[in-house]
2 protein chains.
Amino acid sequence: MAEQTEVRRTPLSRERVLRAAVTLADEAGIDSLSMRNLAQDLGVVPMALYKHVANKDELVAGMIDVVVDEIDPPVADGGWKHAVRERILSARRVLQRHPWMSLAIESQQTATPGILAYLDSMVGTFRGGGFSVDLAHHVMHAMGSRILGFSQELFDAARKAGRSGASSPEPPAALPAQFADRFPNLAEIAVVASHDDASVVGRGCDDQFEFEFALDLLLEGIERLHQQGWTSSR
Amino acid sequence: MAEQTEVRRTPLSRERVLRAAVTLADEAGIDSLSMRNLAQDLGVVPMALYKHVANKDELVAGMIDVVVDEIDPPVADGGWKHAVRERILSARRVLQRHPWMSLAIESQQTATPGILAYLDSMVGTFRGGGFSVDLAHHVMHAMGSRILGFSQELFDAARKAGRSGASSPEPPAALPAQFADRFPNLAEIAVVASHDDASVVGRGCDDQFEFEFALDLLLEGIERLHQQGWTSSR
DNA sequence: GGCATCAGCGTACGCCGTACACCTTGGAGT
DNA sequence: ACTCCAAGGTGTACGGCGTACGCTGATGCC
């Protein structure tokens with residue numbers, strides 16, 4: 001009986017596990033990323049995975065670092081502001097390809113090495129632009145998760161997609177009748193933003209525009225602090 | 001046999017369920033908020049809860065609105081900037097009392113009525129300060145979850161507390177030896193921020209200071225846009 | 001040829017949310 | 001006063017989850 005019915009598929013490895021996990025999360029959302037589903041995709045029994053990752057948290061940590069590596073390196077010229085802006089926009093594009101990432105990162109209680117490297121490099125960009133340690137520090141806090149391309153919206157369609165898998169654009173639901181009565185200011189915004197009364201905060205808003213608007217607001221404020229030699233008086 | 005061994009405790013109600021749920025989440029973290037644990041706290045069988053809430057998601061939605069009600073109403077005088085600032089700081093204090101709130105809100109895929117009311121009122125404050133619908137709209141997006149007092153930090157000790165229950169302050173862990181080699185810029189910040197080398201981003205950073213720093217950065221940028229009559233050229 | 005190592009397997013445990021059928025009770029309608 | 005029904009609370013059960021633990025069979029080293 002020569003061989004097993006089939007040559008054993010490339011025999012599993014941390015690398016292969018992480019890649020399969022990323023693919024599964026991309027396609028089905030992070031809610032569908034269970035050890036059982038992942039094992040099935042790999043043609044293996046669930047407990048086999050534990051020979052390559054310590055537990056699910058560590059699996060997710062590995063996935064994060066795989067994806068963080070996709071972010072472009074900082075551009076060398078054009079000044080700190082340009083470098084920071086472009087890198088954050090690159091991070092945002094990566095997050096849009098892997099909408100489960102923000103959930104994954106928020107579920108970790110400690111930073112992964114890949115994220116630390118990214119943050120370290122970002123601090124380096126500020127320092128290289130002449131920022132004091134003090135200002136660079138507070139600026140990093142102020143940008144917070146936006147530095148990784150997070151939208152920071154309160155209710156984010158991309159977040160939902162990350163949970164349950166990329167879905168169709170889904171047309172904006174019409175507002176219920178009493179909405180305009182109870183929330184007149186929101187209704188007014190919705191009307192203006194969409195030219196015909198549509199969803200609260202769904203489409204009708206240009207995500208990319210809002211992201212860059214917020215990012216530039218922050219960066220210009222930071223530039224001003226930098227120029228006037230801001231320092232924390234503590 | 002006169003009565004049952006005990007007079008039936010105030011016989012459960014949506015109100016009582018929500019309150020018990022908030023208390024449980026406050027004390028044990030939202031990870032410990034299971035229908036089973038909650039039922040036990042109420043001296044009742046798990047399925048009894050479903051006579052008062054549709055499912056767990058709707059339970060959490062109810063909890064959110066209970067807590068959102070704790071946020072102070074907007075102060076009437078002092079201008080829009082002062083009103084917005086004070087209200088956001090109030091929201092932040094509420095979130096600090098209920099550290100599971102940010103997790104809870106992020107887990108909802110649609111805004112609750114209480115949150116919509118809060119947002120509506122916040123838009124009203126901007127509009128009352130002379131903001132155009134257009135600018136108010138984009139400003140709301142730019143503030144994002146910060147408008148509800150979210151810290152928006154990438155790795156937040158409060159988030160952890162919300163998961164597993166309020167814990168002791170936990171002294172900053174010393175950095176591993178090779179940290180300074182791999183992440184020199186972060187290490188530099190850590191050293192300066194804590195006067196003796198301590199944790200990455202843990203204590204040593206004054207959360208309240210960082211929050212207000214970021215908030216003021218944003219508000220001042222917004223004020224500038226407002227003063228120069230910014231409008232989206234779309 | 002013997003043996004240790006380790007990748008993968010199988011079973012099992014204790015959690016989770018919740019569907020569904022049942023019982024009990026209190027109040028309304030006659 | 002009696003009936004009946006709606007609604008609140010119960011019990012059991014199902015399918016999912018992460019993962020502990022012990023086994024098996026192949027591989028590579030002496």
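The figures here come from the full heavy-atom set of this structure, side chains too, leaving out hydrogens, waters and symmetry mates. Proteins get letters first, then strands, A, B, ... in listed order; numbering begins at 1 in each. None of these values were measured; they are calculated from a predicted model.
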Comparing B:Pro46 and A:Ser13 on DNA chain C - which has the more 5′ nearest nucleotide | A:Ser13
Interatomic distance, B:Leu24 CG vs C:dC16 P [rounded to whole Å] = 11 Å
A:Met47 CE to C:dC6 P: how many Å, rounded?
-> 17 Å
Nearest to side-chain heavy atoms of A:Tyr50, which nucleotide of C:dG10, C:dG8, D:dG18 = D:dG18
Please report, rounded to the nearest Å, how far the P atom of C:dG8 is from the CD atom of A:Gln40.
-> 17 Å
From B:Arg92, B:Met101, B:Glu106, residue fulfilling side chain to side chain contact (heavy atoms under 4.5 Å, CB included) relative to B:Phe150 = B:Glu106
Of A:Ser34 and A:Lys51, the one whose closest nucleotide on DNA chain D sits nearer the 5' end is A:Ser34
Decide if atom CZ of B:Arg85 counts as having more than 12 heavy atoms of other residues, nucleotides or ligands within a radius under 6.0 Å.
-> yes
Measure from CZ on A:Arg16 to C1' on C:dG8 and round the result to the nearest Å.
-> 13 Å
Heavy-atom check, side chain of A:Ile88 versus side chain of A:Met122, under 4.5 Å = yes
Nucleotide nearest A:Arg36 when distance is taken to its side chain, options D:dT19, C:dA7, C:dT18 = D:dT19
What is the nucleic acid contact for A:Val45, judged by heavy atoms within less than 4.0 Å: base, sugar-phosphate only, or nothing?
-> base
Rounded to the Å, how far apart are A:Met35 CE and C:dT11 C1'?
-> 17 Å
Selected nucleotide, minimal atom distance to B:His52 side chain, candidates D:dG9, C:dT18, C:dG8 = D:dG9
Separation of C:dC16 P from B:Ile30 CD1 (nearest whole Å) | 14 Å
Tell me: CG of B:Leu59 to C1' of C:dC16, nearest whole Å?
-> 14 Å
Let me know the distance between CG of B:Asn37 and P of C:dG14, rounded to the nearest Å.
-> 16 Å
Close side-chain approach of A:Asp26 to A:Trp100, heavy-atom, < 4.5 Å | yes
Taking only Lys NZ, Arg NE, NH1 and NH2, and the carboxylate oxygens of Asp or Glu, determine whether A:Arg93 and A:Asp72 approach each other closer than 4.0 Å.
-> yes
Answer with base, sugar-phosphate or nothing: what part of the nucleic acid does B:Lys56 contact at a heavy-atom distance below 4.0 Å?
-> sugar-phosphate
Nucleotide nearest B:Asn55 (side chain, heavy atoms from C-beta), chosen from D:dT10, C:dT18, C:dC9 = C:dT18
